[in-house]
Amino acid sequence: MRDQVGPQCTENLCTVAPTNLQVSIGEELKKDPHEGRYFYPVLRENVGKSEEGSVMTKLTLQQFTGQLALSQKPSLIRPISPLAAATDLIKSHFDSGRLSDARRVFDELPERDVVAWTAMVSGYTSNARPEDAWASFRAMASAGVSPNAFTVSSILSACRAGEFTEGTAAVHALSVRLGVKGQTHVHNALIYAYSEFHRGMLDALQVFDEITHRSAVSWTTIVAAYVRSGDGGAAAQMCRRMFQEGVELNPFTLSIAIRASAAAENLALGRQIHAAANKTGHAINLPVSNSIADMYSRCASLSEARQHFSEMPRKDLITWNTMIAALDRAGSVDSCSLLLDMLSQSIQPNCFTFTSIISSCAKLSCLIFGQQVHGAAVRRGFRENHHIFNALIDMYAKCGAVADSRRVFDETCRRSLVSWTSMIIGYGVHGFGEEAIKLFNEMIGYGIQPDAIVFMGVISACSHAGLVEEGLEFFNSMESRYGVSPDAKFYGCVVDLLGRSGRLREAAELIEAMPFEPDESVFGALLGACKMHKKVELGVAAGRKMLNLMPEGAKTYVILSNIYAAGSEWDWFADVMKMMRGMGWKKDVGMSWIEVREEVCCFVAGEQSSPSAALASEVLTLLGFHMDEERDLLFSFGSVWDGGEKSYISNSVVIVEALG
DNA sequence: ACCATCAAGG
């Protein structure tokens, strides 16, 4: 009788959907990414548990059924019903992204049980179609089929992906009524879904606290939720609790713990978990290892990140991207050379790689290289990637090519708030205050809800362009009209706005009237303004406050000394200098870089060793003469030349032209 | 048939 099982099973399959089955069986076998071995996608589930993983080489249908009949453990093979086989087929279609095939098989079914319905819900969810998942879920209810724990956790995934806030709450209630809320998968899916929503962490935490038996999954879910919500401190705290309660150390718990340390910028904790990963042998797991490199970089320990990276025996695309992003974050030119290393190993960059490299170009003002990267990204078909486009807008603006920035902005089809913000900030830093304001109003016209950062952008644009009244107007209306409440950094921005234009008294009054304690950004802005307008007394007061807040701030001492110098308070000036020297502080080495043809050259102040530096220095001297002449000419025309920051940029540009 | 880990923007 049992010998019949295999062939019978085949017959059943064929009765349901003969055509599809042939296709499904005859095609290339699916590769298991973890083992590198091959499974039949459709048939694996039917026999998988019976044959210890049932690892098979390529088999035809005939061979497969033959093997079934010869199986050593035929008692474990169960005949499957036509409906179950069809459900497998649906799942297989979904797994390969053939949504319409899956749908057709489902529609042809003479009857549908909860498993078949759930396959539809979860199939749509895993193919990033939460709306269709929800539609199936509703249709299931209309058909009078009651969902089970599997359905509930699947639809919760869809609620998370589709940001169905109310749907999540409704399904939560449903899960209580069905009595499935207590099941591991359901409450973990609930935590995950809630955590994705604005202020959803409270709900997520409540679900978490109600769990009586917390699995490793529950813990990783809640810690990951805190990390995603941006609360690194809470994530690290939760992480400690997780280990205290003796959760197992597996690749999941370790990697999320490392991410939590990174989010909290807690290097000590990160090192501890790194050690634990080494000890348990999980450090060779790629996700774990990649997050270790990332953690070191986010905890400002680039050298440890580099060390770890160089010691990794295996690297994947994420490893490279993580390290490139780390170097970009640190503002190092090495991000670009690492890209070359990566390409030399025939690893193809993806959109993450491009975003980091473009960001590096922005930081390093590599316009020419940035343009090439832009071209490369377009050629590789990353035309629609949000992150890349926003990075490009930012890059062109930071490289001084605001018009190109605008061109990119205009051709972006789906502009996000970030795109608008990048463009507004781009205008702002170049002093195009009017354009920034115009763009901001245009954005509001499109119905985009502004956030704190875009307000900061437009207000600082006003500040740079001297549009004080306009800036104040934005500041005063942001909370009342748009419900965006200013934080301490905003006050710094507005103090800067008032201060730059010399309205220091108002700036000081604003600080007095602040609803919370002013932070260093506020006093820093005031201090800068005092320096600019040579207000010694107020500046000294601000500098003192600054030093109370950040006694390590070498920059404050520098500005303070400048203020004393500006007020000719030489005794005080000398005291500050002495204090700085006494604390053993040295100013960071000044460094400039320019892009010459395809290379970025770095110059340290006073450096003469390399031939290019010597040549550049020569050209610079020559240019100095010319500029002196120009300046004299300007003076003779009565123009103002303050010899300030502008000269640095123009020098670089001129040197590029001179050498190129 | 369901839940959890690694990389990107202002």
Side-chain angles (χ1 to χ4, degrees), chain A residues 45 84 87-88 90-91 94-95 113-123 125-126 147-158 160 180 183-193 215-225 227 250-260 262 282 285-295 297-298 316-326 328-329 350-359 362 382 385-395 397-398 416-426 428 451-454 456-457:
Chain A
E45 293 303 322
T87 306
D88 273 352
I90 289 170
K91 188 175 179 303
F94 272 124
D95 285 347
D113 61 0
V114 58
V115 182
W117 280 105
T118 305
M120 293 307 286
V121 173
S122 97
T125 306
S126 51
N148 62 18
F150 288 90
T151 328
V152 169
S153 34
S154 292
I155 194 62
L156 283 170
S157 286
R160 173 186 56 76
V180 297
Q183 296 191 25
T184 321
H185 289 275
V186 173
H187 57 229
N188 291 337
L190 261 175
I191 294 169
Y192 193 15
S215 65
V217 181
S218 322
W219 281 105
T220 53
T221 307
I222 193 82
V223 176
V227 170
N250 64 28
F252 287 92
T253 51
L254 285 167
S255 66
I256 194 58
I258 293 161
R259 266 190 85 193
H282 291 304
N285 174 283
L286 268 175
V288 172
S289 195
N290 290 340
S291 23
I292 290 170
D294 185 56
M295 178 274 294
S297 112
R298 285 180 199 272
D316 64 0
L317 181 56
I318 296 183
T319 317
W320 288 94
N321 285 346
T322 304
M323 203 56 216
I324 289 174
D328 165 53
R329 208 173 292 127
N350 67 0
C351 50
F352 282 82
T353 328
F354 277 110
T355 312
S356 299
I357 290 294
I358 294 168
S359 159
F382 292 118
N385 187 282
H386 251 84
H387 291 283
I388 290 185
F389 262 99
N390 295 335
L392 283 170
I393 294 168
D394 183 54
M395 186 272 289
K398 291 228 170 80
S416 67
L417 175 62
V418 179
S419 325
W420 290 91
T421 310
S422 307
M423 197 61 242
I424 288 168
I425 290 175
D451 69 355
I453 302 173
V454 74
M456 190 92 112

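Computed from heavy atoms alone, side chains included, the values below leave out hydrogens, waters and symmetry copies. Lettering follows sequence order; numbering is per chain, from 1.
Applying the 3.5 Å distance criterion, the base of B/dG10 shares a donor-acceptor pair with the side chain of A/T421. A donor N or O paired with an acceptor N or O is found under 3.5 Å between the base of B/dC2 and the side-chain atoms of A/S153. Contact of A/S419 with B/dG9 (side chain to base): no donor-acceptor pair of N or O atoms is detected under 3.5 Å.
Under the side chain to side chain contact (heavy atoms under 4.5 Å, CB included) criterion, A/P287 pairs with A/N285, sequence neighbours left out. A/A397 meets the side chain to side chain contact (heavy atoms under 4.5 Å, CB included) test with A/S405; sequence neighbours excluded.
Comparing B/dG9, B/dA8, B/dA4 by their closest approach to the side chain of A/C351 singles out B/dA8. The A/N188 side chain lies nearest to B/dC3 when the options are B/dA7, B/dC3, B/dA1. Distance from the side chain of A/N148 is smallest to B/dA1 among B/dA8, B/dA1, B/dG10. In this structure, the nucleotide among B/dA1, B/dA4, B/dT5 sitting nearest to the side chain of A/Y192 is B/dA4. Comparing atom distances between the A/S154 side chain and each of B/dC2, B/dG9, B/dT5 picks out B/dC2 as nearest. Proximity note for A/F252 (side chain, C-beta onward) versus B/dC3, B/dA4, B/dG9: the nearest is B/dA4. Closest to the A/L417 side chain, of the nucleotides B/dG10, B/dA7, B/dA4, is B/dG10. Of the listed nucleotides (B/dA8, B/dC3, B/dG10), B/dA8 has the atom at the smallest distance from the side chain of A/T355. Relative to the side chain of A/I453, the nucleotides B/dG10, B/dC3, B/dA4 differ in distance, and B/dG10 lies closest. When distances run from any side-chain atom of A/T184 to the nucleotides B/dG10, B/dC3, B/dA4, the shortest one goes to B/dC3.
Atom C1' of nucleotide B/dC3 and atom CD1 of A/I222 are separated by 13 Å, given to the nearest angstrom. The interatomic distance linking A/I155 (CD1) with B/dC2 (P) rounds to 14 Å, in whole Å. As a whole-Å value, the separation of A/I256 CD1 from B/dT5 C1' is 6 Å. Going from atom CG of A/D451 over to atom P of B/dG9 covers 15 Å, rounded to whole Å. The separation between A/H185 atom NE2 and B/dA1 atom C1' is 11 Å, rounded to whole Å. Straight-line distance from the CZ atom of A/F389 to the C1' atom of B/dG10: 16 Å, rounded to whole Å. One can place CD1 of A/I90 at 11 Å from C1' of B/dA1, the figure rounded to the nearest angstrom.
Judged purely by distance below 3.5 Å, without hydrogens or angles, the side chains of A/N321 and A/T353 pair a donor atom with an acceptor atom. A/N148 and A/T151 form a side-chain donor-acceptor contact under 3.5 Å, judged by distance and modelled atom types alone.
Residue A/T87 is classed as having no contact, given no heavy-atom separation below 4.0 Å to the nucleic acid.
Put simply, A/S416 has no side-chain N or O that comes within less than 4.0 Å of OP1 or OP2 on B/dG10. In terms of phosphate contacts, A/R329 brings no side-chain nitrogen or oxygen within less than 4.0 Å of OP1 or OP2 of B/dA7.
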Test side chain to side chain donor-acceptor pair (under 3.5 Å) on A/S215 and A/S218 and set out the steps. CA-CA 5 Å; A/S215 65; A/S218 322; 3.1 Å; yes
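The shortest heavy-atom contact between A/V180 and A/V152 is CG2-CG2, 4.1 Å.
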